[in-house]
Protein chains: 2
Amino acid sequence: MATGRTHRPATRSRGIPEATVARLPLYLRALTALSERSVPTVSSEELAAAAGVNSAKLRKDFSYLGSYGTRGVGYDVEYLVYQISRELGLTQDWPVAIVGIGNLGAALANYGGFASRGFRVAALIDADPAMAGAPVAGIPVQHTDDLDRIISDNGVSIGVITTPPGAAQQVCDRLVAAGVTSILNFAPTVLSVPEGVDVRKVDLSIELQILAFHEQRKAGEEAAGDGAPAGEAAPPVRATPTNRKGPDGDLPAVMPA
Amino acid sequence: MATGRTHRPATRSRGIPEATVARLPLYLRALTALSERSVPTVSSEELAAAAGVNSAKLRKDFSYLGSYGTRGVGYDVEYLVYQISRELGLTQDWPVAIVGIGNLGAALANYGGFASRGFRVAALIDADPAMAGAPVAGIPVQHTDDLDRIISDNGVSIGVITTPPGAAQQVCDRLVAAGVTSILNFAPTVLSVPEGVDVRKVDLSIELQILAFHEQRKAGEEAAGDGAPAGEAAPPVRATPTNRKGPDGDLPAVMPA
DNA sequence: GCTTGTGAAGCCCTTCACAGCG
DNA sequence: CGCTGTGAAGGGCTTCACAAGC
């Protein structure tokens, strides 16, 4: 998961669990595909398979939205598309500003998946004066100095941060001061925001690290209990060398005896 | 969250809960920053603040790795950096292949956060013959026809998919056939993979949709109980119009009476 | 008969609160 | 005395299994 509200213990929103909210976009995508193929109805089993979840979970999720299915038949595709869109707030237009137009920022500006979901890239902002005016994805890049005005003028409430880590908190503060209340953060930094502002983070290297953990485990299963992997650096000696206990199954003699 | 194992109920790995694994990279980042500032030790309270979690959770997380702290003092920064790196498998080199060199693929190829964590972009692969040979981020793009050989030759076990959605499953199948056992998927598609292959997904538009949900909720709180938001499309009429019950607090009269 | 909707059970994770230890 | 390590309690999410209903 790439979530990250800053504290505030993820209160249940209008009775809909966070975990369910996070899956609604998945269902919506699957339903949209069915809609394009003019499929009129779909069972929880079929839809669950298309969304990559199990059917009991899907039915439970939908039960939080209301009773939108028909027993013995399934769910009406068009109707459900509308209900989920409405629940997610996608029946309205969301102007979004992207701050930090490097490789990633430019990639996001070009990303087609936003526009099709009601997200409109309303502004691109960068600190580099040399970029100002030059269009990226058909949208002119504006300078950070005007951030406040740009956010206000466009009624932006969702900001995307794709700056280098060092600039992220400052940009975040300015976005919040300008009225942004939701932030999608791609910078590898922990942002602190005032109460009432939502932050979600996407960290590309974290995802790879989690994969590496499981990958290492797979390799370890084939030849379990072997020593240190090849090419490993020497472990640093601990400041206060005491007897260490590891969890069961830990590699023996991690530290130089 | 951006996780997505295909079924397999997320078994606890070597006693370490998935939720803990997902936080280890966060701790590692905070610790690395402390290390660069030559801070010798850190308390759970301080480190938790830097990582954006609470200290009880952090201590519990570390307890799964072993007893690496000193009571009354805290944790030795260097030692902990090493232990977490080892646990995540970052003490070894992970060659990674990126398939689909569009805007996003190129941005990832250029992303500095990979190399610094032991991830080496070993190959860039694209289906467009016109791109073949041209270097991106100093790495020549190779053609999909050679995918199998490229994966084998470089010993790649982690693949990154940044293709258009239509090509993702096919690319995934080919990666798996060539020996890849971990996949990071940026394409908005549900991938199906055989047992033993891990998939994590990052979906940019899903993150925005989740933010939109909460954003809508905030707006609704200010003027609660209002009608449909401005600019809303007319809801489709349901195939079998029956009496509908919504959850408590639902907007009244969602459908045209 | 077939599929939804949902109480109940179980699981995992978080949080608490304090014993243990330097 | 301070901070870690951890049983125990609590909460949320998932899964089960079946009653409800078309």
Side-chain angles (χ1 to χ4, degrees), chain A residues 1 3 5 7-13 15-24 27 41-49 51-77 79-80 83 238-247, chain B residues 1 3 5 7-13 15-24 27 41-49 51-77 79-80 83 238-247:
Chain A
M1 172 172 61
T3 180
R5 302 244 211 134
H7 281 178
R8 192 149 24 100
T11 100
R12 180 168 296 192
S13 318
I16 303 181
E18 266 303 304
T20 295
V21 172
R23 279 187 296 267
L24 292 181
Y27 302 144
T41 61
V42 66
S43 72
S44 66
E45 202 73 49
E46 294 166 323
L47 184 54
V53 304
N54 82 43
S55 63
K57 197 187 297 193
L58 177 143
R59 287 199 302 277
K60 187 67 121 183
D61 284 342
F62 286 175
S63 79
Y64 291 115
L65 309 185
S67 301
Y68 291 155
T70 308
R71 292 167 202 245
V73 178
Y75 298 93
D76 182 273
V77 171
Y79 186 67
L80 204 45
Q83 289 300 342
R238 197 152 174 290
T240 316
T242 325
N243 56 327
R244 290 278 137 214
K245 74 159 194 265
Chain B
M1 172 175 33
T3 180
R5 303 249 210 131
H7 281 179
R8 192 148 23 100
T11 102
R12 180 167 297 191
S13 318
I16 304 181
E18 267 302 306
T20 295
V21 172
R23 280 187 295 268
L24 291 181
Y27 302 144
T41 61
V42 66
S43 71
S44 65
E45 202 73 50
E46 294 166 324
L47 184 53
V53 304
N54 82 41
S55 64
K57 196 187 295 192
L58 178 144
R59 288 200 302 278
K60 187 67 122 183
D61 283 342
F62 286 175
S63 79
Y64 293 115
L65 311 184
S67 300
Y68 292 154
T70 307
R71 291 166 202 247
V73 178
Y75 299 92
D76 181 273
V77 171
Y79 186 67
L80 204 44
Q83 289 299 343
R238 196 151 174 290
T240 317
T242 324
N243 56 326
R244 293 278 135 213
K245 76 159 193 266

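All values below come from the heavy atoms of this structure, side chains included, with hydrogens, waters and symmetry mates left out. Note that the coordinates shown come from a computational prediction; the quantities given were computed from them, not determined experimentally. Every chain is numbered from 1 and lettered A, B, ... according to where its sequence line falls, protein lines coming before strand lines.
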Chemist: Return the value, rounded to whole Å, for the distance between atom CG of D61(A) and atom P of dT4(C).
Modeler: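 Those two atoms, CG and P, are 14 Å apart.
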Chemist: Going by the rule side-chain contact (heavy atoms from CB on, under 4.5 Å), which residues pair with S43(B) if we only count those two or more places apart in sequence or in a different chain?
Modeler: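 Per chain and number, S43(B) pairs via side-chain contact (heavy atoms from CB on, under 4.5 Å) with E45(B), E46(B).
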Chemist: Do the side-chain N or O atoms of S44(A) get closer than 4.0 angstrom to the phosphate oxygens (OP1, OP2) of dT3(C)?
Modeler: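 Answer no for this pair, as no side-chain N or O of S44(A) is under 4.0 Å from OP1 or OP2.
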Chemist: Nearest 0.5 Å please: distance from the OH atom of Y79(A) over to the OG1 atom of T41(A).
Modeler: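 Between Y79(A) OH and T41(A) OG1, I get 15.5 Å after rounding to 0.5 Å.
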Chemist: Taking the side chain of T70(B) as its heavy atoms from C-beta onward, which of dT14(D), dC13(D), dG22(C) lies nearest to it?
Modeler: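 Of the options given, the side chain of T70(B) lies nearest dG22(C).
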Chemist: State the CZ-CG distance between F62(A) and L80(A), to the nearest 0.5 angstrom.
Modeler: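 So the gap between those two atoms works out to 4.5 Å.
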Chemist: With the side chain of K60(A) defined as its heavy atoms from C-beta on, choose the nearest nucleotide among dT4(D), dT6(D), dT15(D).
Modeler: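 Of all the options, the side chain of K60(A) is nearest to dT15(D).
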Chemist: Which nucleotide in the set dT14(D), dG5(D), dC22(D) lies at the smallest distance from any side-chain heavy atom of R71(B)?
Modeler: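 My answer, after comparing the listed nucleotides, is dG5(D).
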Chemist: I need the CD-C1' distance between E46(A) and dT4(C), as an integer number of Å.
Modeler: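 Atom-to-atom, E46(A) to dT4(C), this comes out as 14 Å.
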Chemist: Can you measure Y68(A) atom OH to dG5(C) atom P for me and round it to whole angstrom units?
Modeler: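 Rounded to the whole Å, the gap is 11 Å.
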Chemist: Check the distance between dT4(D)'s P and L58(B)'s CG and give it to me in whole angstrom.
Modeler: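 For the pair L58(B) CG and dT4(D) P, the rounded distance is 9 Å.
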Chemist: In terms of side-chain heavy atoms of A56(A), which of dT15(D), dG22(C), dT6(D) is nearest?
Modeler: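 Among the listed nucleotides, the one closest to the side chain of A56(A) is dT15(D).
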Chemist: As a test of reading the structure: which of dT14(D), dT14(C), dG5(C) is closest to the side chain of Y75(A), going by heavy atoms?
Modeler: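 The listed nucleotide nearest to Y75(A)'s side chain is dG5(C).
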Chemist: What integer distance in Å separates E45(B):CD from dT15(C):C1'?
Modeler: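 Interatomic distance, CD of E45(B) to C1' of dT15(C): 13 Å.
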Chemist: Among dT14(C), dG5(D), dT4(C), find the nucleotide with the atom closest to the side chain of R59(B).
Modeler: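 Closest nucleotide to the R59(B) side chain: dG5(D).
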Chemist: Can you tell me how far P of dC16(D) sits from CG of N54(A), to the nearest Å?
Modeler: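 Checked: the CG to P distance equals 7 Å.
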Chemist: Taking only the side-chain heavy atoms of S63(B) (C-beta and beyond), determine which of dC13(D), dT4(D), dG5(D) contains the nearest atom.
Modeler: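 The answer is dG5(D), which lies nearest to the side chain.
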Chemist: Whole angstrom is fine here: how far is it from CZ in F62(B) over to C1' in dT4(D)?
Modeler: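 The answer, rounded to whole Å, is 12 Å.
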Chemist: Rounded to whole angstroms, how far apart are CG on D76(B) and C1' on dC3(D)?
Modeler: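 So the CG-C1' distance, D76(B) to dC3(D), works out to 15 Å.
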Chemist: Holding to side-chain contact (heavy atoms from CB on, under 4.5 Å), I want the full list of residues that pass it with A48(B), two or more places apart in sequence or in another chain.
Modeler: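 Checked A48(B) against side-chain contact (heavy atoms from CB on, under 4.5 Å); matches are V53(B), S55(B), L58(B).
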